[in-house]
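Worksheet: the structure to be examined is printed underneath.
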Amino acid sequence: MKIASWNVNSLNVRLPHLLDWLAQAQPDIVALQETKLEDAKFPAEALAQAGYHSVFTGQKTYNGVAIVSRMSSVPEPEDIQIGIPGFEDPQARVLAASYGGLRIIDLYVVNGQAVGSEKYDYKLRWLAAAHDWIAAEHARHPELIVLGDFNIAPDDRDVHDPAIWNENSILTSTAERAALQGLLDLGLVDSYRLFEQPPEQFSWWDYRAAGFRRNLGLRIDLVLASQALKPRISAAGIDREPRTWERPSDHTPVWLELAPA
DNA sequence: ATGGTAGTCTAACTA
């Protein structure tokens with residue numbers, strides 16, 4: 001069972017890429033971020049024709065998350081949760097659903113803009129709320145996957161230049177990394193690091209300054225899995241190919257492979 | 001060179 005995450009940066013623009021990638025990679029479940037679509041405009045029919053069921057929560061212009069699941073191999077989603085319970089948030093960043101016994105939590109973590117900014121403060125408050133909710137979700141659902149655009153690079157191996165992306169930089173600051181560690185301390189593992197990986201592999205490259213061509217990237221898209229699932233994870237990686245396509249998202253898909261129970 | 005590009009929407013924001 002292949003489970004993936006992809007920040008598509010406008011599903012309206014990227015639907016052809018998503019459909020191509022679904023056909024090529026044959027994932028069972030894909031968590032999407034930055035759909036930038038109101039629910040009424042979500043392309044559920046096109047995805048259904050491709051064999052994928054959709055759950056989604058979006059808004060105009062910004063944010064928006066969705067989970068698509070292959071109808072031929074995955075049960076219908078149940079127990080759908082939109083947003084973090086008890087955390088007032090006008091931004092559509094969180095979606096959870098259960099597929100059989102498997103709980104999936106799709107996160108589009110706040111970017112934070114700059115350390116010390118108002119948006120940074122919102123990012124840290126958002127992460128604290130997410131932490132407490134995910135703790136409760138984990139207790140209810142031992143088979144848990146938390147994936148998405150975390151907007152945090154876990155450590156120096158996950159940035160092209162640790163001198164630039166340091167303890168005072170957005171996406172790598174001490175408080176952000178501590179918040180990510182807090183999520184891992186709930187009993188989640190960064191699936192990518194369970195396996196030997198080539199160096200300098202990233203999931204996001206800035207559109208500016210030819211970031212992709214020069215591989216000036218960060219690994220900020222993560223697939224975290226609970227301890228109960230860990231023995232079943234047979235592979236994990238980053239599929240950088242969609243980032244080479246014409247008019248790409250600035251992110252590329254990340255994935256893990258889960259063996260049957 | 002304190003920039004650059006992309007998406008949404010046509011000004012200015014978010015990333």
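Nothing here was measured: the structure is a model prediction, and the numbers come from that model. Note on naming: letters A, B, ... go to the chains in the order of the sequence lines (proteins, then strands), and numbering restarts at 1 for each one.
Taking atom P in both B:dA12 and B:dA1, one finds a spacing of 29 Å when rounded to whole Å. A distance of about 22 Å separates the P atoms of B:dG7 and B:dG3, rounded to the whole Å.
Listed by chain and residue number, nothing satisfies the salt bridge (charged side-chain N to carboxylate O under 4.0 Å, His left out) test with A:R247 (two or more places apart in sequence, or in another chain). The salt bridge (charged side-chain N to carboxylate O under 4.0 Å, His left out) test applied to A:D155 returns A:R157, not counting sequence neighbours. Under the salt bridge (charged side-chain N to carboxylate O under 4.0 Å, His left out) criterion, A:D158 pairs with A:R193, A:R219, not counting sequence neighbours.
Ring orientation note: the planes of A:H251 and A:W204 are tilted relative to one another, at an angle of 30° to 60°.
Distances shown here put every side-chain N or O of A:R14 at or beyond 4.0 Å from the OP1 or OP2 atom of B:dA6.
Clustering of Ile, Leu, Val, Met, Phe, Trp and Tyr side chains at separations under 4.5 Å leaves A:L216 isolated, with no partner residue.
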Using a cut-off of under 3.5 Å, enumerate the N/O to N/O pairs linking the protein to nucleotides 13-15 of chain B.
| from | atom 1 | to | atom 2 | distance (Å) |
| --- | --- | --- | --- | --- |
| B:dC13 | O2 | A:Y62 | OH | 3.4 |
| B:dT14 | OP2 | A:K119 | NZ | 2.3 |
| B:dA15 | OP1 | A:R93 | NH2 | 3.4 |

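The 5' end of DNA chain B is approached more closely, in terms of each residue's nearest nucleotide, by A:A209 than by the other of A:L11 and A:A209.
Note: NZ (A:K60) to P (B:dA12) measures 18 Å, nearest angstrom. Taking atom CZ on A:R214 and atom P on B:dT5, their separation rounds to 12 Å, with Å as the unit.
Under the side chain to side chain donor-acceptor pair (under 3.5 Å) criterion, no residue pair touches residues 222-233 of chain A, with sequence neighbours excluded.
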